[in-house]
Amino acid sequence: MEVVGFHQSRRPRLSPGDRVRRALSWPHPGGIAVSVLGAGLIFGGALVMSPSAEPDSLVLADNAPSPSTTPEPTQLPSIEFPVPTVGEASATSSPSATLAASGADASALPSATPAPAPPLPVAGAAADSPIQKLFAGGESATLDQALRDITNPNSPLVLVNKQRPLIPSNYAPNDLVTPQVPAGSEEPVSLRAEAATATERLFAAAAAQGVAVTIKSSYRSYDVQTSLYNGYVAAKGQSAADSTSARPGFSEHQTGLALDIGDANAGTACDFDSCFAETAAAQWVAAHGAEFGFIVRYVPGVESITGYLAEPWHLRYVGVAVAQDMQKKGIASFEEYLKLPGAPDYK
């Protein structure tokens, strides 16, 4: 077997790909050419990107825009965002929703302060009382707002009973006048101006129909009521006195809006007695008093509400609209008309 030298040994056959890679590798001529070409491309790109290069010395790439032309804006892909509905927007924009999304406790937010409720037409009366409906319907225009208050002693709507004294207790009206009507006693006669005018009209209308109404009692001051009440207590005891006479500061007579009547044609036998209900005067005012703004304040059947025995002679001025509304609705007591608790006794 012939022996050949190391340099004479046959090399393995190269594949076409290996031959190409070998031809383009350093230091073969093809590799040298590739290296020179790559260096030129890198150097040219550096000149284009350099901010310090002068415009005249820039080497522009084939695809670089000319300085004298406006480059076309790059078209970005459009992205559509979902638009929430009104309900979704309000829900997600609320503080509680934001807190809920963040995992915080929504109850930590301070609650919104509700808007204050509008004032009632008549202060002090129940919100669902008939008097509120009356004044909400336009009657309030006939009375100043300050007088639409059942605690105001100057108001024709003031409520006075055993649970609601006058404030101040020694209140005295500043518009007392003497009505021009027949008197049935020696007691001085005076009423508030509005009530006095209504009394004159009532008496005149009754007289025109042959009913002779007289006035027995009207305004009483705190001091006069004190003397009268103490006299009843001395004569009958306090319990009996409380069923027929008001304590000082708790009397409707002190408002100047109340009066006790008599019947000139019936004599005096039934004055301040239950039998007065059978007189023409009592029956006429029960039927027609509302036309002039008066109610019979203490009627049979509501003693546990008013706190007094029936007094068919005791009239109270509340204004025509209220008196007629009570009569139309068949409401027997002023407390019920205001939808307030009764006052059967003192506190």
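Side-chain contact check for H253 versus D260: some heavy-atom pair is nearer than 4.5 Å. Contact annotation: the side chain of E278 never approaches that of C270 to less than 4.5 Å [non-hydrogen atoms, C-beta and beyond]. For the pair F292/V285, no side-chain contact is recorded, criterion being any heavy-atom separation below 4.5 Å from C-beta on. Counting heavy atoms from C-beta on, the side chains of F294 and T199 come closer than 4.5 Å. Contact of the S245 side chain with the Q225 side chain is registered, since non-hydrogen atoms from C-beta on lie closer than 4.5 Å. A heavy-atom distance below 4.5 Å is not found between the side chains of S155 and D149.
Residues satisfying the salt bridge (Lys or Arg N to Asp or Glu O under 4.0 Å) criterion with K236, sequence neighbours excluded, are absent altogether. Applying the salt bridge (Lys or Arg N to Asp or Glu O under 4.0 Å) rule to R164 yields no partners; only residues at least two apart in sequence or on another chain are considered. Looking at residues two or more places apart in sequence or on another chain, you find a side-chain hydrogen bond (donor to acceptor under 3.5 Å, both in side chains) between D175 and R192.
The heavy-atom pair separating K216 from T268 by the smallest distance is NZ-CG2, 4.0 Å. Closest heavy-atom contact between I331 and E336: CG2-CB, 3.8 Å. Closest heavy-atom contact between S304 and P344: O-CB, 3.3 Å. Across A126 and L340, no two heavy atoms sit closer than the pair N-CD2, 4.0 Å. The shortest heavy-atom contact between E291 and A287 is OE2-O, 4.3 Å. In terms of heavy atoms, T214 sits closest to A183 at CB-C, 4.2 Å.
The hydrophobic cluster containing L259 does not contain V318, counting ILVMFWY residues as joined when their side-chain heavy atoms lie under 4.5 angstrom apart, directly or transitively. In terms of hydrophobic clustering, with Ile, Leu, Val, Met, Phe, Trp and Tyr side chains grouped at heavy-atom distances under 4.5 Å, V158 and F250 are assigned to different clusters.
Y171 OH: more than 12 foreign heavy atoms inside a 6.0 Å radius.
Within the model, atoms CG of L315 and CG of L202 stand 7.0 Å from one another, a figure rounded to the nearest 0.5 Å. Atom OG1 of T279 sits about 10.5 Å away from atom CH2 of W313, to the nearest 0.5 Å. Here the CZ-CE distance, from F334 to M326, works out to 7.0 Å after rounding to the nearest 0.5 Å. In this structure, CG on L120 lies 8.0 Å from OG on S129, to the nearest 0.5 angstrom. Taken to the nearest 0.5 Å, the CD atom of Q238 stands 4.0 Å off from the OH atom of Y229. To the nearest 0.5 Å, atom CG of residue N161 and atom CG of residue D345 are 11.0 Å apart.
Geometric assessment of R148 against the ring of F135 yields a negative cation-pi assignment under the 6.0 Å and 45° thresholds.
Comment: E335 engages R297 in a salt bridge, judged by a side-chain N to carboxylate O separation of less than 4.0 angstrom.
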